[in-house]
Peer 1: 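Before anything else, here's the structure in question.
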Amino acid sequence: MRGESQAVKYTVKDSVFTSLFREKKYLMQLYRTLHPEDEETTEEGLTDITIKNVLVNGTYNDLGFMAGNKLLILVEAQATWTMNIIVRALLYLSQTYQDYFETRGADLYGSKKVELPKPELYVIYTGDRLDRPETVRLTEEFFKGEESAIEVKVRMLYGDESWGNKDIDEERDIISQYIAFTKVYNEQRKLYARTKKTITETIRICKDRNLLKEYLESREREVKDIMFTLFDEERAIEIHVANIAKEAAEKAAKEAAEKAAREAAEKAAREAKEAAEKAEKAAKEAAEKAAREAAEKAARETEKAAIEKMMKKGKMTVEEIADCFTNFSLEEIRRMEKDLAQAMK
């Protein structure tokens with residue numbers, strides 16, 4: 001049974017995001033928010049083309065869909081500000097186009113021009129807006145504004161910034177409601193840490209404020225399961241790391257204690273009682289130090305393996321991974337990311 005002390009993973013908002021917009025009616029609301037001028041497209045005209053996470057090292061994104069055959073829309077949910085999202089959006093777009101052409105049997109080497117749906121790239125940013133821009137561009141951020149063979153433009157969506165005003169909550173568009181949901185979650189996490197209480201209070205408050213109310217009422221159990229499943233994955237890693245560290249510590253302590261005991265016994269036979277007592281004390285300190293060092297080393301190795309696994313999945317930024325594994329500095333994790341990228345080439 002899950003208790004109040006159980007933790008919730010930070011990526012819960014992204015998982016709720018994919019669950020929410022997997023439903024056509026909410027996907028339609030999203031499309032209407034992006035294109036209020038289009039009164040003709042219906043739910044049947046929207047096609048899910050999200051790149052699924054089939055392979056650990058493969059490319060996959062949060063949401064992709066087409067409106068008819070003319071418009072291709074890719075949307076990401078982002079809690080941490082990073083310009084790397086522009087590059088990721090480019091890769092998502094490239095993979096999506098490749099899938100699009102393969103599905104339709106398009107001949108890219110033929111003389112007939114292929115049909116190419118117009119792309120739109122969006123990021124729903126759930127962090128504090130501050131003075132962040134409306135759009136970000138590849139050439140501006142990576143090539144100092146110089147003309148390039150390619151250009152990628154990503155529109156940033158921040159929602160209604162007056163999200164704390166209960167009087168207008170029910171009038172918010174679906175994007176603003178989702179962002180408000182994440183902010184309620186962040187507030188509750190500050191109060192109750194990553195616990196079951198955070199989940200239940202987030203859902204309760206959002207329903208009271210008419211934020212994703214219909215979705216949360218109809219899918220509340222699923223939403224909780226999503227959050228708890230993400231917790232279980234994280235908790236499994238934590239338990240595995242703890243068990244390895246414990247076993248290593250016990251083994252190191254036993255070996256160190258046996259060695260120290262032998263040395264202490266030999267010395268006690270040659271020296272006086274005072275020397276023997278001193279040796280025993282030194283042995284105990286040595287055993288504790290050896291056990292501690294062994295445990296720390298084992299824990300770091302296990303955490304390193306867990307970090308590399310998360311990097312391969314590609315759903316967490318280096319900063320988010322650093323928040324989860326405090327035994328490694330951000331710089332160390334960046335080096336690990338660089339080494340892993342080199343190894344995978």
Peer 1: With a 4.5 Å heavy-atom cut-off, do Ile49 and Asp99 have their side chains touching?
Peer 2: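 They are not in contact (no side-chain heavy atoms under 4.5 Å apart), so the answer is no.
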Peer 1: Taking C-beta and beyond as the side chain, do Asp62 and Gln78 meet within less than 4.5 Å on heavy atoms?
Peer 2: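 Asp62 does not reach Gln78 side chain to side chain.
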Peer 1: Show, in sequence, the C-alpha distance, side-chain angles and deciding distance for Glu201 and Arg189, and conclude whether the salt bridge (Lys or Arg N to Asp or Glu O under 4.0 Å) test is met.
Peer 2: CA-CA 10 Å; Glu201 282 299 288; Arg189 181 163 57 82; over 6 Å; no
Peer 1: With side chains defined as the heavy atoms from C-beta onward, is the minimum distance between Leu20 and Leu30 less than 4.5 Å?
Peer 2: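 No, too far: nothing below the 4.5 Å cut-off.
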Peer 1: Tell me whether the count of non-hydrogen atoms from other residues, nucleotides or ligands lying under 6.0 Å of CD in Glu147 goes above 12.
Peer 2: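 Counting neighbours around CD of Glu147, 12 or fewer heavy atoms of other residues, nucleotides or ligands fall under 6.0 Å, so no.
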Peer 1: To check you understand the geometry: which heavy-atom pair defines the closest contact between Ala106 and Val114, and what is its length?
Peer 2: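 Looking at all heavy atoms of both residues, the shortest contact is CB-CG1, 4.1 Å.
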Peer 1: Please find the pair of heavy atoms, one from Leu216 and one from Ile203, that lie closest to each other, and give the distance.
Peer 2: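 Leu216 and Ile203 have their closest heavy atoms at CD1-O, 4.2 Å.
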Peer 1: Is it the case that the side chain of Asp173 and the backbone of Ser176 share a donor-acceptor pair, with hydrogens and angles ignored and the cut-off at 3.5 Å?
Peer 2: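 Checked: pair present.
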Peer 1: Could you check whether any side-chain N or O of Asp128 sits under 3.5 Å from a backbone N or O of Leu130, counting only pairs where one atom can act as donor and the other as acceptor?
Peer 2: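 No: the side chain of Asp128 does not pair with the backbone of Leu130.
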Peer 1: Give the C-alpha distance, both sets of side-chain angles, the deciding distance and a yes or no for side chain to side chain donor-acceptor pair (under 3.5 Å) between Thr139 and Glu151.
Peer 2: CA-CA 6 Å; Thr139 52; Glu151 174 64 293; 2.6 Å; yes
Peer 1: Please say whether more than 12 non-hydrogen atoms of neighbouring residues, nucleotides or ligands are located less than 6.0 Å from CD in Glu220.
Peer 2: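 Atom CD in Glu220 is crowded, with more than 12 foreign heavy atoms closer than 6.0 Å.
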Peer 1: Taking the side chain as C-beta and beyond, is there a heavy-atom pair between Glu43 and Lys25 under 4.5 Å?
Peer 2: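 Yes, their side chains come closer than 4.5 Å.
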Peer 1: State, with a plain yes or no, whether a side-chain heavy atom of Met28 is found less than 4.5 Å away from one of Leu46.
Peer 2: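 In short, these two side chains touch, coming nearer than 4.5 Å.
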Peer 1: Just wondering, do Thr50 and Asn61 contact through their side chains at under 4.5 Å, heavy atoms?
Peer 2: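 Side-chain contact under 4.5 Å: yes.
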Peer 1: Classify the ring geometry between Trp81 and Tyr125 as parallel (under 30°), tilted (30 to 60°) or perpendicular (over 60°).
Peer 2: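 Plane angle over 60°, so perpendicular.
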Peer 1: Run the side chain to side chain contact (heavy atoms under 4.5 Å, CB included) test against Glu222 and tell me which residues pass, sequence neighbours left out.
Peer 2: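 With sequence neighbours excluded, Glu222 shows a side chain to side chain contact (heavy atoms under 4.5 Å, CB included) to Ser19, Arg22, Arg219, Ile226, given in chain and number order.
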Peer 1: Parallel, tilted or perpendicular: which fits the ring planes of Phe101 and Tyr97, with parallel below 30° and perpendicular above 60°?
Peer 2: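 Aromatic pair Phe101/Tyr97 classed parallel.
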Peer 1: Among Tyr26, Tyr215, Phe17, Tyr185, find the one that has a ring-ring contact (aromatic ring centres under 6.0 Å, His included) with Tyr178.
Peer 2: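 For Tyr178, the ring-ring contact (aromatic ring centres under 6.0 Å, His included) check succeeds only for Phe17.
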Peer 1: Can I get a per-line list of side-chain donor-acceptor pairs under 3.5 Å for residues 31-41, giving both atom names and the distance, sequence neighbours left out?
Peer 2:
residue	atom	partner	partner atom	Å
Tyr31	OH	Asp38	OD2	2.4
Arg32	NH1	Asp38	O	2.1
Arg32	NH2	Thr41	O	2.8
Thr33	OG1	Gln29	O	2.9
His35	ND1	Glu37	OE2	2.8
His35	NE2	Glu120	OE1	2.8
His35	NE2	Glu120	OE2	2.9
Asp38	OD1	Glu40	N	3.0
Asp38	OD1	Thr41	N	3.2
Asp38	OD1	Thr41	OG1	3.4
Asp38	OD2	Thr41	OG1	2.5

Peer 1: Within a 6.0 Å radius of atom NZ on Lys284, are there more than 12 heavy atoms belonging to other residues, nucleotides or ligands?
Peer 2: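 For Lys284, atom NZ is not crowded (no more than 12 foreign heavy atoms under 6.0 Å).
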Peer 1: Is there a side-chain contact between Phe21 and Asp48, using heavy atoms and a 4.5 Å cut-off?
Peer 2: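 Not touching, per the 4.5 Å side-chain cut-off.
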Peer 1: Do Arg137 and Glu141 have side-chain heavy atoms sitting under 4.5 Å apart?
Peer 2: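 Arg137 does not reach Glu141 side chain to side chain.
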Peer 1: Would you say Glu44 and Thr42 are linked by a side-chain donor-acceptor pair, where the criterion is simply a distance under 3.5 Å?
Peer 2: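 Side chains of Thr42 and Glu44: pair found under 3.5 Å.
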Peer 1: Any chance NZ of Lys289 has more than 12 other-residue heavy atoms, nucleotides or ligands included, within less than 6.0 Å?
Peer 2: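 Open: at most 12 neighbouring heavy atoms sit under 6.0 Å from NZ of Lys289.
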Peer 1: Between Thr126 and Ile179 (side chain of the first, backbone of the second, donor and acceptor by atom type, cut-off under 3.5 Å), is there such a pair?
Peer 2: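 Looks like no, no N/O pair under 3.5 Å.
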Peer 1: Show every donor-acceptor pair shorter than 3.5 Å between a side-chain atom in residues 333-343 and any protein atom, with sequence neighbours excluded, or say none if there are none.
Peer 2:
residue	atom	partner	partner atom	Å
Arg334	NH2	Glu319	OE2	3.3

Peer 1: If you compare all heavy atoms of Pro133 against all heavy atoms of Tyr158, which two are closest, and at what distance to 0.1 Å?
Peer 2: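 Result for this residue pair: O-OH, 2.5 Å.
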